[in-house]
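Keep in mind the model is a prediction, meaning the values are calculated, not measured. Reminder, nothing fancy here: chain letters follow the sequence lines and each chain counts from 1.
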Amino acid sequence: MTNTDIERYSYDVVVIGAGGAGLRAAVEAREAGFRVAIICKSLFGKAHTVMAEGGIAAAMGNVNSSDNWQVHFRDTMRGGKFINNWRMAELHAKESPERVWELEMWGALFDRTKEGKISQRNFGGHEYPRLAHVGDRTGLELIRTMQQHIVALQQKDAKEYGDAEINLKVFAEVTITDVLIENGAATGVYGYRRETGSEILFEAPAVILATGGIGKSFKVTSNSWEGTGDGHALALRAGGKLIDMEFVQFHPTGMIWPPSVRGILVTESVRGDGGILTNSEGKRFMFDYIPEIFKDKYADTAEEADRWYKDQANNRRPPELLPRDEVARAINSEVKAGRGSPHGGVYLDVSSRLPAEEIKRRLPSMWHQFKELADVDITEVPMEVGPTCHYVMGGVQVDPDTAAAVGVPGLFAAGEVAGGMHGSNRLGGNSLSDLLVFGRRAGFGAVAYLKDGSTKPKLSDAIVAKAHARLNAPFARTGGENPYTIHQELQQTTNDLVGIIRIKSELEAALVKLQEFRTRIKNVTVTGGREYNPGFHLAFDLENMLIVSECIARSGLAREESRGGHTREDFPKMDPKWRQINLVCAADGEGTSSTAKPATMMSKELAGLFDPDELAKYFTDEELASVKGGSN
Amino acid sequence: MGRQVKLRIWRGNKENGDFQNVNVEANEGEVVLDVIHRVQATQMPDLAVRWNCKAGKCGSCSMEINGKPRLACMTRMNTFEEDETITVTPLRAFPVIRDLVTDVSFNYKKALEIPAYSPPANLGPGEARMEQIDVERSQEFRKCIECFLCQDTCHVIRDHEENKKSFAGPRFFIRIAELDMHPLDTLRNRKRTAQEEHGLGMCNITKCCTEVCPEHIRITDNAIIPMKERVVDQKYDPIRWLGSKISKREGIS
């Protein structure tokens, strides 16, 4: 190979991903005085964060002054069924308000309360109105504000140094195929420019993964094409670990008709603002699906549920606002029982609940989305909705305080690609806040690593040569398959065998299938040139989706209980013994392994925030005894 | 069920290119982007098309469909006649990279030229108070998904490459308007710099930008015209003119 063909750069910090987490991390490292490169697969400002609708959860107490970080922490742990990394949940609950206010200082314009403060809306699993929002396009506001803040920092550099990009540069439409490792530590990243197919190398002692999710491993998903699990796969191949990969969130309400839009998200705000779920018999069925552990918090009659929208102090919440895993399973059961809508979903109705003008004001992009994509006016008729793969709770195992990837010095991970924060199920609104809280922490984690005085390994030619060879392999092969066919089959397999309801035999069958895909993917052949060639791009994305799917299936097979985003038909109950265990995936030769590791126990102070009766639903007797006051 | 449709797709790069005709299946409810993806998966694996969310929220799949700037993900196939040949071309105002993908870096350069939001110095986190009615004006412009269809259709630059240097385009006029109307922004003279540095005066309000905006932002009526009026007020009002000479300020908020 000729090194001269490779575009080379040197930075202090390289951030992979330009969504909320990546941009917040970049700001943190830049403001600490370091040179930062931001790399993204799409154009700047198009990241999947843009799709977030409902809002950003932060206990500011603007709408209900009883809210505080402790209540937010409790809700997050409950939503995740207590398997969350408690330290992450604690940091998240404490720091979210500061991150929201910071956005406002950078120019974000949230909807307001009557007093002129940032308005907050109700959402599933949150005890009080907690989601700061901008209509139903909060993600767009977050990404644009961050993007514009990056531009503001560049403008400062332009003034001071005469070059806007001297310290902070965005490399758009670049895909990273390898994190380069020397002596076990990160030394840079390798990839290609999507436009030209030419190779690009970044030397950097600190690498932050902020690559988002894995939805494209599944057939029905709310994720854009970018959600191919790149960061998950990069971390594994670099020697990092993935935890909790069996926990995949199926958002209960995705569009289901017409087929071409199947999976596109219908925001939870529809339910937060009064929308109800009904089956083909016209029955508001969620009252039948309130699990025992939530009975004291959710209304069991339509009258009480409806009163709650006006008077939350004296009524329990409508069951439509149960955590997402509960609602998704309920919809699945209704459809299976033959009470589904014509296209295999259920009805979500806001038309009979709010005046047309109010719907258009509160849910403008939903109105728009259904009108333009499905020719349905949601102010007049109900929507047809069904579960869609939305979010992966699992991800790179990290140190909660610094977002440092466990086992790989110099590698950091924040946002959806990191695991632990959300436990077995994420609450709506906790994702945008997660991006900012842990994006910032990854930024300063990287800064602390750069300043710690340790010697950082230097990049060797041999490692670069290896990455170069891997990148060029698909062009050298002949006679293999087209990557599109394999992708479709892979998505069908995960959907059918590792989907919302799982069972041992199917998970085993999935692992066999995935092994076959591995062989086929190795032979994928790319036709055409290197210039903006989507077939070439997909060839690499496929490897990532495969390794991620394998982790999900492997951990899903190991976890013999049902909890949050992991439902086993053969083990339908939640088991406190399994709460003590995280399943940890690692690369194992060409494949992956999944190992059970003890989960960390919540500190006594945090456990003290809960009613002991509630903890008894999740903890073993020994654990309960250990967190109770008195002796130790 | 599926029907056969005829597509005429421009393929090529910055040096040369030509139209290629394909027949492809289209199913109920599909949009142009679905059909292009089917062409990619079955007939032209290296057909270049930029896209991302496929839900009209990210503004990536901008192209020209039968000569009109559109988002391919929001253009339904059933809006065309049964036997119509649908012509798909890259955005005309920007240089082609390959096939349907253009180099839109012009817009990112212009973004760097607009002075950033400038909050009051003494405002602490969480202290901001704004009325809903006051934020709504700027919120309309912040709906922008940066698809750059307005930039593409604007005839000031569409057929006049030479104007690009001194003209920011509708996308950045609404950015300036948004900051100008932001209740807390402290930077003065935004309207005047829009006129003097970003080419607001070159716009002759034909409203083409408003027509193509997929977010239905009233670019011309709510951003461009009010800014133009204020600029004119200032420039030709003798008292304001005198005031501006004395105080060195714009004189209006």
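In this structure, the portion of Asn482(A) lying under 4.5 Å from any heavy atom of chain B is its side chain and not its backbone. Contact of Lys41(A) with chain B is not made at all, since no heavy-atom distance falls under 4.5 Å. Both the backbone and the side chain of Glu531(A) come within contact range of chain B, each with at least one heavy atom under 4.5 Å from a heavy atom of that chain. With a threshold of 4.5 angstrom between heavy atoms, Ile264(A) approaches chain B through side-chain atoms but not through N, CA, C or O. For Ala172(A), no part lies under 4.5 angstrom from a heavy atom of chain B. The contact between Leu140(A) and chain B is made entirely by side chain atoms (from C-beta outward), counting heavy-atom distances below 4.5 Å. Asp375(A) touches chain B through backbone and side chain together, each having a heavy atom under 4.5 Å away. Neither the backbone nor the side chain of Phe536(A) comes within contact range of chain B; no heavy atom of the residue lies under 4.5 Å from a heavy atom of that chain. Only the backbone of Trp106(A) comes within contact range of chain B, with heavy atoms under 4.5 Å apart. For Ala164(A), the part lying under 4.5 angstrom from a heavy atom of chain B is the side chain only. Heavy atoms of Asp134(B) lying under 4.5 Å from chain A are absent altogether.
Side chain to side chain, Thr145(A) and Arg142(B) meet the donor-acceptor criterion of an N or O pair below 3.5 Å. Using a 3.5 Å distance cut-off with no hydrogens or angles, the side chains of Glu141(A) and Gln139(B) do not pair a donor with an acceptor.
Inter-residue side-chain proximity for Leu43(A) and Val104(B) is flagged as met; some heavy-atom pair is nearer than 4.5 Å. Met130(B) is listed as a side-chain neighbour of Leu109(A), based on a closest heavy-atom distance under 4.5 Å. Glu127(B) has its side chain out of reach of Trp101(A): every pair of non-hydrogen atoms, C-beta onward, lies at least 4.5 Å apart. Counting only heavy atoms from C-beta outward, the side chains of Ile133(B) and Arg112(A) never approach each other to under 4.5 Å. A 4.5 Å side-chain heavy-atom check between Phe110(A) and Gln132(B) finds every atom pair outside the cut-off.
Expressed to the nearest 0.5 Å, how far OG1 of Thr113(A) lies from CZ of Arg129(B) amounts to 7.5 Å. In this structure, CE in Met105(A) is found 7.0 Å from OH in Tyr117(B), a value given to the nearest 0.5 Å. One finds the CE atom of Met51(A) at 7.5 Å from the SG atom of Cys58(B) (value rounded to the nearest 0.5 Å). Of the inter-residue distances, the one linking Ile97(B) atom CD1 with Thr196(A) atom OG1 reads 9.5 Å to the nearest 0.5 angstrom. Atom CD of Gln147(A) is separated from atom OH of Tyr108(B) by 6.0 Å, given to the nearest 0.5 angstrom.
By number of non-hydrogen pairs under 4.5 angstrom with chain A, the leading residue of Glu131(B), Glu146(B), Glu30(B), Met74(B) is Glu146(B). Here Asp111(A) is the residue among Val100(A), Asp111(A), Asn62(A) with the most heavy-atom pairs under 4.5 Å with chain B. Top candidate by heavy-atom pairs under 4.5 Å with chain A, chosen from Cys73(B), Gly56(B), Gly124(B), Cys144(B), is Cys144(B). If you tally non-hydrogen atom pairs under 4.5 Å between each of Met44(B), Lys54(B), His37(B), Arg76(B) and chain A, the highest count goes to Arg76(B). When the candidates Ala48(B), Pro45(B), Ala111(B), Pro125(B) are compared by the number of heavy-atom contacts under 4.5 Å with chain A, Pro45(B) comes out ahead. Comparing Asn223(A), Thr527(A), Leu373(A), Ile143(A) by how many heavy-atom pairs each has under 4.5 Å with chain B, the most go to Leu373(A). The candidate from Val135(B), Asp46(B), Asn52(B), Asp34(B) with the greatest count of non-hydrogen atom pairs under 4.5 Å with chain A is Asn52(B). When each of Gly135(A), Gly107(A), Pro364(A) is scored by its heavy-atom pairs under 4.5 Å with chain B, the top score falls to Gly107(A). For chain B, the option among Pro258(A), Pro534(A), Ala152(A) with the highest count of heavy-atom pairs below 4.5 Å is Pro534(A).
The 12-atom threshold is exceeded at CZ of Arg11(B), counting heavy atoms of other residues, nucleotides or ligands nearer than 6.0 Å. Annotation for Lys360(A): atom NZ counts as buried by contact number, over 12 foreign heavy atoms lying within 6.0 Å. Within 6.0 Å of CD in Glu81(B) there are 12 or fewer heavy atoms belonging to other residues, nucleotides or ligands. In Lys371(A), the NZ atom is crowded: over 12 heavy atoms of neighbouring residues, nucleotides or ligands sit closer than 6.0 Å. The neighbour count for Lys219(A) NZ, taken as heavy atoms of other residues, nucleotides or ligands under 6.0 Å away, does not exceed 12.
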Inset, instruction - Go through the steps for Glu53(A) and Lys57(B) under the test salt bridge (charged side-chain N to carboxylate O under 4.0 Å, His left out), then give the verdict. - result: CA-CA 10 Å; Glu53(A) 293 164 350; Lys57(B) 289 189 162 62; 3.4 Å; yes

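The pair Glu173(A)-Arg50(B) counts as a salt bridge, with a side-chain nitrogen and a carboxylate oxygen less than 4.0 angstrom apart.
Relative to the six-membered ring of Phe148(B), Lys46(A) meets both conditions, a distance below 6.0 Å and an angle of at most 45° to the axis.
In this structure, His368(A) contributes its side chain and Glu215(B) its backbone to no donor-acceptor pair below 3.5 Å. In this structure, Gln148(A) contributes its side chain and Ala116(B) its backbone to no donor-acceptor pair below 3.5 Å. A donor-acceptor pair under 3.5 Å is formed between the side chain of Gln155(A) and the backbone N or O of Ile114(B).
Taking the six-membered ring where the residue is Trp, Trp225(A) and Trp51(B) present tilted rings, their angle falling between 30° and 60°.
Counting all heavy atoms, side chain and backbone alike, Ser260(A) lies closest to Gly29(B) at OG-O, 3.1 Å.
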